[in-house]
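This report concerns only the one structure given below.
Naming: A, B, ... by sequence-line order, numbering from 1 per chain.
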2 protein chains.
Amino acid sequence: MCDHHSRDKKGSVCRCGGGLPVEKFMQPCLLILLKQRSAHGYDLLQQLTEFGFSERLDPGSVYRTLRRLEEEGLVTSHWDVGEGGPARRLYSLSDEGEEMLHAWAVHIRQQRKRMDAFLERYQSIFSKQD
Amino acid sequence: MCDHHSRDKKGSVCRCGGGLPVEKFMQPCLLILLKQRSAHGYDLLQQLTEFGFSERLDPGSVYRTLRRLEEEGLVTSHWDVGEGGPARRLYSLSDEGEEMLHAWAVHIRQQRKRMDAFLERYQSIFSKQD
DNA sequence: TTACTATAGGGATAATTTGTCAATATAAAT
DNA sequence: ATTTATATTGACAAATTATCCCTATAGTAA
């Protein structure tokens, strides 16, 4: 989630990283992708790059998030043993999931407002002099 | 951090909450407040409302965050046993802290861009019909 | 037939982070 | 005397994260 800093030698994440944790933000992104069309995990994993997720995003975290969304009733899934390749789980958005998507939109607009408050103050301090 | 949903009976946080964890975002906010002027924890606790933090933000989390920032060398502190009231720890921004503030600004702009990507898609799906 | 790669999914684990609650202390106000 | 505002710290359980590793199927190249 943090590309402007390289990771240090020990492989740990940069210190300002995680302002918005990967898996948390992944949830509304998965919901909105599934609102557009049902899909399986591997497919979603790749679509997530459209929202700024790294191309080498850990697949484990995507599958884990999907399973949690299903536990919460926000998505449903069934096995799809169709043409070619290993069996895949096809996920769809539930009604409850769509409601949650709306709640997320409100939430994210709020967070953006907070970030704007920060950025405006930042610019008013640094842009002029210094 | 989540005001658009009330908490449920058990006192747990609403399910879409925490997209941006309170203490994580608190860090750059504290740094920018200290860039403007040195202050002590209780003072900062109140200034944080300007960034959208709840008026009843748990003081413990603010002090804890300040201590961590000091461990990391981003702020410095010394006891101020001045006029009236209990002794207070006066915090100041270090040079390293100011650098980190710039890194945070980059990071937050990036996150904002991601949120915009989400919100634009959200609107393109829902605003027209539905 | 063997090996490799792409596709697809799952799990285990340790470390961090969070929220919450409680405790301590000083001074001013009632 | 006691309540309120100021000010800081500690402890802890629960949730969350990142990370690494494992399994399995099918098609393709060697």
How long is the line joining [atom1] of [X] and [atom2] of [N], in whole Å?
X	N	atom1	atom2	answer
Leu45(B)	dT9(D)	CG	C1'	14 Å
His78(A)	dA8(C)	NE2	C1'	16 Å
His40(A)	dA26(D)	NE2	C1'	14 Å
Leu90(B)	dT6(D)	CG	C1'	15 Å
Arg67(B)	dT9(D)	CZ	C1'	6 Å
Arg64(A)	dC20(D)	CZ	P	13 Å
Trp79(A)	dT7(C)	CH2	P	17 Å
Asp58(A)	dT16(D)	CG	C1'	15 Å

Phe51(A) to Phe118(B) - nearest heavy-atom pair and separation: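 Closest heavy-atom pair between Phe51(A) and Phe118(B): CE2-CA, 3.8 Å.
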Closest approach of Ser77(A) to Glu70(A) (non-hydrogen atoms, all atoms of both residues): OG-OE2, 2.9 Å
Using a heavy-atom cut-off of 4.0 Å across all strands, would you classify Pro59(B) as base, sugar-phosphate, or nothing? base
Could you tell me whether Arg89(A) contacts a base, only the sugar-phosphate backbone, or nothing, with contacts defined as non-hydrogen atoms closer than 4.0 Å?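 Here Arg89(A) touches the backbone only, sparing every base.
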Flag side-chain contact, heavy atom, 4.5 Å: Leu34(B) against Leu74(B): no
Measuring from the side chain of Arg88(B) (C-beta onward, heavy atoms only), which nucleotide among dG9(C), dA18(D), dT8(D) has the closest atom? dT8(D)
Less than 4.0 angstrom between a side-chain N/O of Tyr42(A) and OP1 or OP2 of dT7(C), yes or no? yes
Does OP1 or OP2 of dT17(D) have a side-chain N or O of Arg68(A) closer than 4.0 Å? yes
Exam field: side chain Ser94(B) to backbone Gly73(B), donor-acceptor pair closer than 3.5 Å: yes
So if you build clusters from Ile, Leu, Val, Met, Phe, Trp, Tyr with side-chain heavy-atom gaps below 4.5 Å, do Leu90(A) and Leu48(A) land together? no
Pick the closest DNA chain C nucleotide for Ala87(A) and for Ala87(B) by heavy atoms, then say which residue is nearer the 5' end.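 The answer here is Ala87(A).
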